[in-house]
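Quick one: the structure is below, and I'll ask about it shortly.
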Amino acid sequence: MTKLLKTFIVLFFSFGLSFTAFAQKHTPTDTQIKDSIQSLYVLKKYTKASELTNVYLKKYPYDYEVIYLKGLLTYTSKDWSLAINHFKKSIENGYNIAEAKYNIACCYALQSNKSEAKTWLISAINDYPSFYYQWMEDSDLAILANDAEYLNQIHQYNRTAKDRVSQWQADVAFYSERMKQFHYNLFSSIAEEEWDTKVAQLHNQIKDLSDEEIIVRLMNLSAIVGDGHTTIVPPISDKFNFKMSPFLTYIFDDGIYILETQKGYEHLLGSKLIAINNMPIDEVLKKIQTIIPSDNKFGNKWLQPLVLNIPQLLYGLNIIDKKTEYAISYTKDGKQNKANIKCETSLTGDFLESWIYGFHNLEGWSKVKQSKIPSSQTNRDKPYWFEYQKENQIVVFHYNQIQTNENENETAFIKRLNDFIANNPVKALVVDLRYNEGGDNTIYRPILNGIISNKKVNQKDKLYVLIGRRTFSAGMCFATELEKSTNATFVGEPTGSSPNFVGESGGVFQLPYSGIYANASNLYWQNSYAFDNRKFIAPDIYVKQTFTDYINGIDIELKNIKQLF
C-alpha cells in the first residue's frame, strides 16, 4: 500500500470521535460506533476496530465507507483473500474504485499471483494515472517491479533504442500510448484513426525534422485534443536548454505590446510588436495558436505571449530561421523600427510556473511605466484578499488562486469578509477572478457558500464577478458555481475555459528518452448543467482592454462597475 493511500486514510478518518470519548458513553449511537472504528484504525488498534466493524456491518451492510475500511483492516491482518472481497464490494458500490483496485493488486502480489496483480494494477492506473509511477516504490508490489515481462508490457516502448531517430520514435510511440491510456476522452475532438495517422506521420518524418520541430509537432498533437490541461511542457532540461526572449508581451484589444524587458532592451518598453523576421504578427500568432492547449480561443489568447517568449518554439514553427536569434519590427511614439534579438537566458520551471500564476519577478528586468499601479496588479501571490473602496462603497474580493492561505483558511476569511460587509456601508461586492488560473476546487466551498448566503450583496446589481482569459481550471469551476447559484453580473472578457470541461493534472508522464513532460487530462468536471455545451462564460458587460488604459493605471473593468454607483 502506498504512502499516498496511507496519508489519505489518516486524513480522511481523523475527523472521527476518539475511542476514549466513545468509551465514556454507556449507550453509543451507531454514528459514534462508526466514528470510533475510524479512530481506532488511525490509532492502529486494528483488532478492536475489526470487532466493532463486524457488529456495525451486520446492521448497515451497505455502508461503503466501513466496507472499504474493513478491507483495509483485513489487509493489515494479512488476510489477503478476505481483503480482496471487501475491496471488490467497495468497487461494486462505486466507492474509492481506483484505490480499491490498487489494493487488490497488492493483495494478489503478496499472494504471489502475478497475473491477477498485473491485471488489477493496470486497471487502477487507467482509473488514476498517478499510480503509473507510484507503484514502483511500493514494497507490496515488489514482485512486479522485478518482472521484466510486466515492465515491458506497462511501458510499451522500445527500451533498447540507441540512435537519435529510434529514440524519438520510441518517445512518440510512448506518448501516444500514454495519452490513450490516461486521457479522459482522447477522441472527443479528433477521431482515433486520424490520431493514429498523425502519430504515424510524425514517426516516419522524424529523421527529417529537428528536435524543435518534433517537440512542436508533439505540442500540436496535444493541442488538437482540445482541452487546456492536456499539454507538452516546454523543455527545461540541459538536454535541450530552451531559452527565453529578453522581453515579455501582453495582447491587448488594440495590439500586442512589450511590457517587460531584460537589461539592454529597455528601449523596447511600451512598443507595439508588428512582425517577427518580417512575418506579420497576426500570422505569427496564427502559427502559435496551433500548439497551445486550450479549452477555447480566449484561453489560447492567454498563453500566446508565453509561446512567443520561447525562441526554439518559434524556430520549430518555422517563424525564425535561427534557434535563439531573430529580428522584430515594432512601432513606438508613432515611428516604426527594427531590433535584433538575442536570447541567452535559459528557460526554467520556476519562470513557467510564476508566469502562469501571474506573479513572476525577473531579476534585473524593467517594466513599462504606469501612471499608477491598480490594486488588482498587487498581491498576486496571495490566494485571496479584499479591499474596501470607500468612495464608491464597494468591497473588492481578489480571488487569485484556489489555494489555502496558511495564515487564514477559507472559513476564517469568508467570515471576516462577511462581517466587514455587515458592519460597513457596502453597496456592492466585486469578486475578481481575472487572474484565477485554478488550484484545488475541493476547498472553495466555504467561500462560495458565504457569498451565496450573504443576502446583503447576493442581489441583482449588488454582486459583480470580474472574469477574463485567465479564469481557468478551478477558477473556472468557481465562476460557474457563482453563475449558477447567485445573482451575479459578470464583467470583463469571456473566460479562458468552459463551464463543463475535461481537466486535471493527474495524468503527468515523462517521455523516456527526451525527458520531456506531458499531461493528459483525466477527469471531467461538470460544474454546470449536463446539457451546457458553452465554450466560455460570456460577460454581461463586455469590456475591451487597451494599452492606453494600462499605462495610465486604469483598471477598466472595475471602472465600468464603479460608474454604476
Side-chain angles (χ1 to χ4, degrees), residues 1-111 120-121 124 127-128 130-131 134-135 137-142 403-404 406 409-412 440-443 445-446 506:
M1 189 179 302
T2 65
K3 293 180 180 178
L4 174 65
L5 288 175
K6 292 176 181 176
T7 301
F8 169 79
I9 292 162
V10 171
L11 289 174
F12 185 82
F13 291 129
S14 62
F15 296 100
L17 295 174
S18 69
F19 180 66
T20 302
F22 166 65
Q24 294 172 349
K25 302 286 186 179
H26 296 292
T27 55
T29 64
D30 294 332
T31 300
Q32 288 172 326
I33 293 175
K34 179 177 177 178
D35 290 342
S36 296
I37 293 169
Q38 296 166 347
S39 296
L40 286 166
Y41 181 85
V42 173
L43 295 171
K44 297 183 179 181
K45 297 183 178 181
Y46 302 133
T47 301
K48 184 61 178 178
S50 186
E51 292 173 357
L52 286 177
T53 300
N54 293 335
V55 173
Y56 182 86
L57 286 176
K58 286 181 179 179
K59 189 172 183 180
Y60 298 100
Y62 300 108
D63 190 318
Y64 44 77
E65 292 177 356
V66 178
I67 290 171
Y68 183 79
L69 181 56
K70 181 64 176 178
L72 296 176
L73 287 166
T74 49
Y75 190 103
T76 60
S77 66
K78 300 183 180 182
D79 190 342
W80 314 125
S81 296
L82 186 57
I84 288 170
N85 289 336
H86 284 291
F87 289 134
K88 285 184 176 180
K89 286 182 181 179
S90 185
I91 293 170
E92 290 172 6
N93 292 325
Y95 183 72
N96 278 2
I97 293 176
E99 294 85 350
K101 288 179 179 179
Y102 184 93
N103 287 337
I104 290 172
C106 290
C107 290
Y108 279 121
L110 291 166
Q111 289 179 316
W120 284 96
L121 179 56
D127 288 347
Y128 186 68
S130 292
F131 286 144
Q134 190 172 310
W135 73 270
E137 299 177 358
D138 191 340
S139 60
D140 289 352
L141 290 166
Q403 300 290 353
T404 299
E406 60 183 13
N409 65 26
E410 288 78 7
T411 300
D440 181 355
N441 66 2
T442 67
I443 63 176
R445 187 62 53 181

Would you please name every residue forming a side chain to side chain donor-acceptor pair (under 3.5 Å) with T404, sequence neighbours left out?
E410
To the nearest 0.5 Å, how far apart are CG in L52 and OG in S36?
7.0 Å
List in chain and number order the residues that pass side chain to side chain donor-acceptor pair (under 3.5 Å) with Y60, two or more places apart in sequence or in another chain; answer none if no residue qualifies.
D30
For I91, side-chain contact (heavy atoms from CB on, under 4.5 Å) partners two or more places apart
I97, A100, K101, I104, W120
So, for Y128 and A98, which heavy atoms are closest and what is the spacing to 0.1 Å?
CB-CB, 3.7 Å
What I'd like to find out is whether the side chain of I33 reaches to under 4.5 Å of the side chain of V55, using heavy atoms alone.
no
Y75-N103 side chain donor-acceptor pair, cut-off 3.5 Å:
no
Backbone N or O of D35 within a donor-acceptor pair of the S39 side chain at under 3.5 Å?
yes
Who are the side chain to side chain donor-acceptor pair (under 3.5 Å) partners of D440, not counting sequence neighbours?
T442
Can I get a per-line list of side-chain donor-acceptor pairs under 3.5 Å for residues 80-90, giving both atom names and the distance, sequence neighbours left out?
{"residue": "S81", "atom": "OG", "partner": "Q111", "partner atom": "NE2", "Å": "3.1"}
{"residue": "S90", "atom": "OG", "partner": "Y95", "partner atom": "O", "Å": "2.6"}

Nearest heavy-atom neighbours spanning L57 and I67
CD2-CG1, 3.9 Å
Taking N96 for its side chain and E99 for its backbone only, find out whether a donor-acceptor pair lies under 3.5 Å.
no
Applying side chain to side chain donor-acceptor pair (under 3.5 Å) to T74 and not counting sequence neighbours gives none
If we ignore hydrogens and angles and just use 3.5 Å, is the side chain of S50 paired with the main-chain N or O of T47 as donor and acceptor?
no
How long is the span from the CD atom in Q403 to the CD1 atom in I443, to the nearest 0.5 Å?
5.5 Å
Measuring from atom SG of C106 to atom CG of L121, what distance do you get when rounded to the nearest 0.5 angstrom?
8.0 Å
For the OH atom of Y41 and the CG atom of L69, what is their distance to the nearest 0.5 Å?
7.0 Å
Between CD on residue E137 and CH2 on residue W135, distance to nearest 0.5 Å:
11.0 Å
Quick one: do L141 and Y102 satisfy side-chain contact (heavy atoms from CB on, under 4.5 Å)? Show the steps, please.
CA-CA 10 Å; L141 290 166; Y102 184 93; 3.4 Å; yes
If I take atom OG1 from residue T53 and atom CD1 from residue I37, how far apart are they, to the nearest 0.5 angstrom?
4.0 Å
Mark yes when over 12 heavy atoms from residues, nucleotides or ligands other than Y64 sit less than 6.0 Å from its OH; otherwise mark no.
no
